[in-house]
Each structure stands twice: as C-alpha cells, then as structure tokens.
Amino acid sequence: MDRASFRAILEKVSVPLSAWPHFEVIARLFDVPFATVFSIYSLEVQGRVLRRNHVVKGEIQAHARRYLAGVDALQLAFELDFPPCVLLRRLLEELDIGLAKDRITRAFRQPSLLPTLVSLQSLQRLAAGKASATAVAAEGRLANGEEGTDAAAATAATADMHQARELLARLQRDIEQCVMCDRVCSPASDAIRHSAGNEYEERLNADLAAAGVAFWTEDQLRSRGYHKTPDARLQVPIAVRGRIVNWIDSKATFGDDKLHRQQTAEQYERYVNRFGPGLVIYWHGYIADLNRVVEGSIPEPSKGQVRVRLQLRPVNPADIFSVQGVYPGFASEEGSSLPAVPGLEGMGVVDKCGAGASQFKAGQRVTGAPFDAAKGCGTWQQYVVVNEGQLLAVPDKVSDEAAAQFLINPVTLYGFFDVLKMPKGEYLLSNAASSTLGRMIIQLGKHYGIKTINLVRSAHHVDDLKALGADEVIVTTEEDLVERVKQITGGKGAYATLECVGGEITEQLVKATRNNGTVVVYGAMAAFSFCSGVHDVLFRGVTIKGFWLNPYLTSVGNRRSEVLKEVMNLLEQGTISPYSGTHYPLGEARQAIVETQTPKRGGKCFLEG
C-alpha cells in the first residue's frame, strides 16, 4: 500500500491525520515505507497490551472507581500506557451494566447504539452519589411514617434517572473519543488492517497471474472444503532462490521473529503438512531487513577540520525524540538531510587532522561540543569530520562513558544552576529523579549547597537516591506531592522546580513551587503538553519557562568555552558522575533504543564500535 492509499483509508474511517506526523519523519529517516513504520508501531502496541494486560485487569476495580469518580478514560489510558479502546472495554466489563463482550464490540463499532444495548437499571445502580443519598433519606422518612414520602421517593427516582442518563451520555462520548484516538486497537484500525490485507492479497493474485503462474485462491480452496488455507495454492510448484514453493501466504504487516514463530505454530505448519513447503511474504519488511549497518566511504577532513574515529555513543531520550521529529533534530529543507545519521553526542579518538588543524594529536581522546547531528551527521557512525573548534579534549581521569555523555546531560545540568542562581540552603524540586540527569542534579546540588526534593514513581528508587545524597525523596504514586513539599519547606514551597515529564503532574509541580518561583520545563518524557492553574501564575507569580541546550550555549556568549571547561572539570573531579548501563554494538541500535524506552532499565545505554 502506498502512502496515498493509506491516507485515503484513514480519511474514510475518520481518523485525524494530525495524529500521524512522526511516522512520516521516521519513514523518511530510515528510508522505509510509511506503512512499514505504522505496522511496526502496531506490533509494539500489541506487545505492550500482552505484557500489561494482566496488571491492568488485576487493578481494574480501582480504575473503575476512578472512572466513576470523573477521571477521563483517555487520561487513565495515558497514565497506564495502555490503548484507550482496550482499557475502556475492560472498564465496561467491570461496571456490569448489562454489556456482554459482543455488545461492547457493537457499541465500539457504532457508539450511537449504546442506549439500546445497555441496561438502564444497571446504570441507575451505578448512579449512586447524591441521588442515592436522597433515596436513602426518603426511605428513612417512609419508615418513620412521615408525610410527603411519596414525593421524596419520586424526586429520588427522578434524580437517579437523571444521573443514569448523564452516565450513559458520558459512556457514549468516551467510546467515540477512544475510537478516534486509538491508533491500533479500535474499529478504525481494524478496518485499516482488514482493508490492507485484502489489498495485498489481491496484489499477490495479480502478480501471480501476470507471471503466468497457475494457482487456486483462498476462496477456491475453501469451496473445496479446506478450513485453514494460504492465500494462494500453486497448481504447479515453482522454485524461489533454490527452494520449492507449493503455496504463498501474504501478510500486509511487518514481520518479526516472535510473530513469525506464532503464525508458524498456528498456520504455516498446517500448510506444510497439507501442501508441502511454501513462502510467506511480509509486504512491509522483516526485522532482519532493518537490523543492518550501512557501509560508506571514510570522509576526509578539509582545512581546519579533524576526523574522529568514534568509539562510544550514549542513546539519549533526546536522540529518540529527534528521530521522531518531536525535538528539533534534523534539518528538513526539502528533505535534503534525510536519510540521516542520528546521535547527539559521543567520544572517540582523533584519527586524522586536516591542513591547519593543530589543536589535537592523532590518538587523542576527544568529545564534541557539539557534533553535527542537526545536519544529519550524528555520532551513530564510526567516523565524523568536524571543525576542530567543535572538539574538546578528554582528561585522563574522565572515563570513556563519562566523556561520551559530556554534552546533553552535564552541560544542561550546569545550565540549570547557572540560570536559576539559587541561594545555598534552598530547596530544588526535581522530577524524574531516578534518570541519569536526575541523579546528577542531586550530585551538583549537594556540591553547591542546594537541597533537593526528588520525585520518583516507584519506592525502589528511594534508598538508592538517598545514598547518592538526596535530601528528600517523594514517591508520587504513594504520597501527596504538594502537601509533602509544603511540609518539607515549612509551607513555602520549593525555591525552583525542574520538570521533564509533562501532562497533569506539571500542575502539581507548579503548586508546589514558592510564590514568585520558577518552574523550568526541559523535557516531555510522558506528554507533549502540560497542565497549569492560572491562579498560580497570575496571583502567586510562578514563572514557567523552557530550557533548551543550544539557546543556552548561545546565550552565554564569550563564556561558552569557560562553561564547557567547568563542566569537564566537574566530571574530572568526580563531582558529577553519569549513570552508565548496558553497552550494545553499533549495529544493534534498535535493541539499545528498546532498552532506553523501558522503565526501570538502570543506567544509560551505549552504542560502541
């Protein structure tokens, strides 16, 4: 399926095209079809559902209570990292409103049918709240023989009915919203997959017919009594790359090893036993096709340039966001920079100096400040050529892992304190404190005499961060963030706050910041928008500002070299120590990206070689 066809299908099922921009960027970057990127994404989401389904089902009663209390279904899905349609199906099953699984499926396919499918009595039971309290009061008066009880009971029944209808309208609205927003597990996405499957099956049949190959179609085989059949059964076997092929099955999806093993057990073994060996076509590629290293010529340095043989590169969230097009990453002038090489930082050794480049010697360890990732010449390759002014020598006491992480986190960290200019003894509130940068915030804060209040989602981080020097650690899933910060700070709130998550928690961080304090937003790990109360900004004077590394380095002007040297000194002295983790060969970037996006993974992942 080409991109135009794919877009046409999306328009027919009313899926907003604005929900799909980053897939195009990724497709162009890796020079693969758009449909391949979508197919890979679908497989990843399906895998996530399988991994998390038992957890969500185990806590579904608590989720249902939150939903009935007014929490939006889409927000719940976002918090749980779970597809909206699947979560809402689980909630509808738990609410017990007379919707069997087949009825839920019908409601998702046509939300307007919900009033005819749901049990109104069950909705009335759920609509407890104020209406139920009124009903209880009416029953009490009836037992005491009070007059007017009939009228009170009628009022209570009316209130029950009103709340039941409100709940019904909310359920219908939520179904519509979840269907529109769910990219993989909704009737819309099912229609896309079904349409794509039919299209590629027809394409296979057309190609076989054009090649003069005689075959029976799936429908013809089923008319002969076969139950499980491939898409095409060849009447005369053919040879493909030296192998005999008796049948061909068409998959309008991307293939990976796990999926192929599963489908082999469910389908292909039966085909082999019945018809002999066959061929499976994954129209959108197979995992082995993407796990490749592209070879190119080694670049030559021009005048004033240095060729660096890169040895180690961290995989940062910023690298992934740049590839996705979320963060400013690659230049996009007429697409001239795509395909491109990602990688914002790394370390290596000087391999060759061009004419006039005399600051570094061959074999000397260096790091970039920065490299040219924005021009599509990042560090996820073996050789780069840069102007010698972009390099910084690595002292002997600084490890390769620390040097490879020199720019993105340590310089950003230094910039925080440089911009905030906090007095000693004040409290700095830091979100995502278990991250590599969050840990270094604790270290540098301690060095400067700044107290840190560190936010984590899991209690297993507490002892680790305390040992690192954290003054306070708050587990946001177990404690009231705002209340705890006020307790710690004597009611004042944090002097300043560092936020990199986004979403609803930003509003709590703003509330936990002192009057006339500053909230610095420097990332979007969970959401690309955030909430904030007008009251805190308008009446308490809290400032919300962004921090981006490149503008900061530009803003320091002549101090740039001084700032970079100071950060390198902090690494050399051991004042800050980046949190390092697994090393992967350069050719296994995909595996490193997967681990980087895995919660509780440990330290920073690297690509070496």
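In terms of modelled atom types and a separation under 3.5 Å, the side chain of Ser435 and the main chain of Gly438 share a donor-acceptor contact. Using modelled atom types, no side-chain atom of Thr367 and backbone atom of Phe406 make a donor-acceptor pair closer than 3.5 Å. Within the 3.5 Å criterion, the main-chain N or O of Glu507 finds no donor-acceptor partner in the side chain of Ser532. Without hydrogens or angle criteria, Thr575 side chain to Leu571 main chain gives no donor-acceptor distance under 3.5 Å. The main-chain N or O of Ala64 is never found under 3.5 Å from a side-chain atom of Arg90 such that the two would form a donor-acceptor pair. Without hydrogens or angle criteria, Asp480 side chain to Glu483 main chain gives a donor-acceptor distance under 3.5 Å. Here the side chain of Gln443 pairs a donor or acceptor atom with the backbone of Ser577 at under 3.5 angstrom. Under the 3.5 Å distance criterion, the side-chain polar atoms of Glu388 are left unmatched by any main-chain donor or acceptor of Val306. The backbone N or O of Pro395 lies less than 3.5 Å from a partner atom in the side chain of Arg365, making a donor-acceptor pair. Not a single donor-acceptor pair under 3.5 Å links the side chain of Asp418 to the backbone N or O of Tyr414.
Taken to the nearest 0.5 Å, the CD atom of Glu93 stands 10.0 Å off from the CG atom of Leu88. Between the NZ atom in Lys565 and the CD atom in Glu572 there is a gap of 12.5 Å [rounded to 0.5 Å]. A distance of 9.0 Å separates CG of Asp464 from OG of Ser434, quoted to the nearest 0.5 Å. If you take CD1 on Ile544 and OG1 on Thr513, they are separated by 8.5 Å, rounding to the nearest 0.5 Å. Expressed to the nearest 0.5 Å, how far OH of Tyr383 lies from CG of Leu310 amounts to 10.0 Å. The CD atom of Glu504 lies 12.0 Å from the CG atom of Leu509; values are rounded to the nearest 0.5 Å.
For Asn454 and Glu472, the side-chain atoms include no donor-acceptor pair closer than 3.5 Å. For the residue pair Thr543 and Thr518, no side-chain donor N or O sits within less than 3.5 Å of a side-chain acceptor on the partner.
Side-chain contact check for Val341 versus Cys377: every heavy-atom pair is 4.5 Å or farther apart. Side-chain contact between Leu92 and Leu171 is present, with at least one heavy-atom pair separated by less than 4.5 Å. Between Glu499 and Ile505, the closest side-chain pair of non-hydrogen atoms falls below 4.5 Å. Asp351 is not listed as a side-chain neighbour of Val308, based on a closest heavy-atom distance of 4.5 Å or more. Leu465 has its side chain within reach of Arg439: a pair of non-hydrogen atoms, C-beta onward, lies under 4.5 Å apart. For the pair Tyr427/Lys492, no side-chain contact is recorded, criterion being any heavy-atom separation below 4.5 Å from C-beta on. Counting heavy atoms from C-beta outward, Val519 and Leu429 have side chains that stay 4.5 Å or more apart. Side-chain contact check for Phe78 versus Asp72: every heavy-atom pair is 4.5 Å or farther apart.
Contact detail for Ala512 and Val485: the closest heavy-atom pair is O-CG1, 3.4 Å. The heavy-atom pair separating Thr452 from Asp471 by the smallest distance is N-OD2, 2.9 Å. Considering every non-hydrogen atom in both Gly469 and Ile442, the closest pair reads C-CG2, 3.5 Å. Pro370 and Leu407 make their closest contact through CB-CD2, 3.5 Å (heavy atoms, listed as atom of the first residue, atom of the second, distance). Ala73 and Leu87 make their closest contact through O-CD2, 4.0 Å (heavy atoms, listed as atom of the first residue, atom of the second, distance). Taking every heavy atom of both residues into account, Pro314 and Gly346 meet most closely at CD-CA, 4.1 Å.
Within a 6.0 Å radius of NZ in Lys57, no more than 12 heavy atoms belonging to other residues, nucleotides or ligands are found. Residue Lys446 qualifies as open at atom NZ: its count of foreign heavy atoms under 6.0 Å is 12 or below.
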Could you walk me through whether Ser580 and Gln405 pass side chain to side chain donor-acceptor pair (under 3.5 Å), step by step? CA-CA 9 Å; Ser580 301; Gln405 300 180 70; 3.2 Å; yes
Test salt bridge (charged side-chain N to carboxylate O under 4.0 Å, His left out) on Arg313 and Asp319 and set out the steps. CA-CA 11 Å; Arg313 317 134 188 93; Asp319 293 313; over 6 Å; no
How far apart are the C-alpha atoms of Thr489 and Ile453, what are their side-chain angles, what is the distance that settles it, and do they pass the side chain to side chain contact (heavy atoms under 4.5 Å, CB included) test? CA-CA 10 Å; Thr489 61; Ile453 304 173; 4.0 Å; yes
Might you work through the side chain to side chain contact (heavy atoms under 4.5 Å, CB included) test for Val384 and Arg307, ending with a clear yes or no? CA-CA 6 Å; Val384 292; Arg307 184 170 70 201; over 6 Å; no
With side chain to side chain donor-acceptor pair (under 3.5 Å) as the test, would you mind laying out the steps for Asn316 and Glu345 before giving the verdict? CA-CA 9 Å; Asn316 293 300; Glu345 62 179 346; 2.9 Å; yes
Walk me through whether Ser458 and Val475 qualify under side chain to side chain contact (heavy atoms under 4.5 Å, CB included). CA-CA 6 Å; Ser458 176; Val475 183; 5.9 Å; no
Chi angles and distances behind the salt bridge (charged side-chain N to carboxylate O under 4.0 Å, His left out) call for Glu79, Arg66: CA-CA 12 Å; Glu79 291 177 6; Arg66 291 188 62 198; 2.9 Å; yes
Given the rule in the side chain to side chain contact (heavy atoms under 4.5 Å, CB included) test, do Arg540 and His535 qualify, once you have shown the distances and angles that lead to the verdict? CA-CA 7 Å; Arg540 296 205 301 113; His535 177 275; 4.1 Å; yes
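A cation-pi contact links Arg170 to Tyr67, judged by a cut-off of 6.0 Å to the six-membered ring centre and 45° from its axis.
Just one of Ile408, Thr582, Asn409, Thr596 meets the side-chain contact (heavy atoms from CB on, under 4.5 Å) condition when paired with Lys604; it is Asn409.
Between Phe416 and Phe547, the two ring planes are perpendicular [angle over 60°; tilted spans 30° to 60°]. Ring geometry, Phe606 versus His583: the interplanar angle falls from 30° to 60°, so the pair is classed tilted.
Of the charged side-chain nitrogens involved, at least one lies within less than 4.0 Å of a carboxylate oxygen, so that Glu479 and Arg484 count as a salt-bridged pair. Ion pairing between Asp536 and Arg514 fails under the 4.0 Å rule for side-chain N and carboxylate O.
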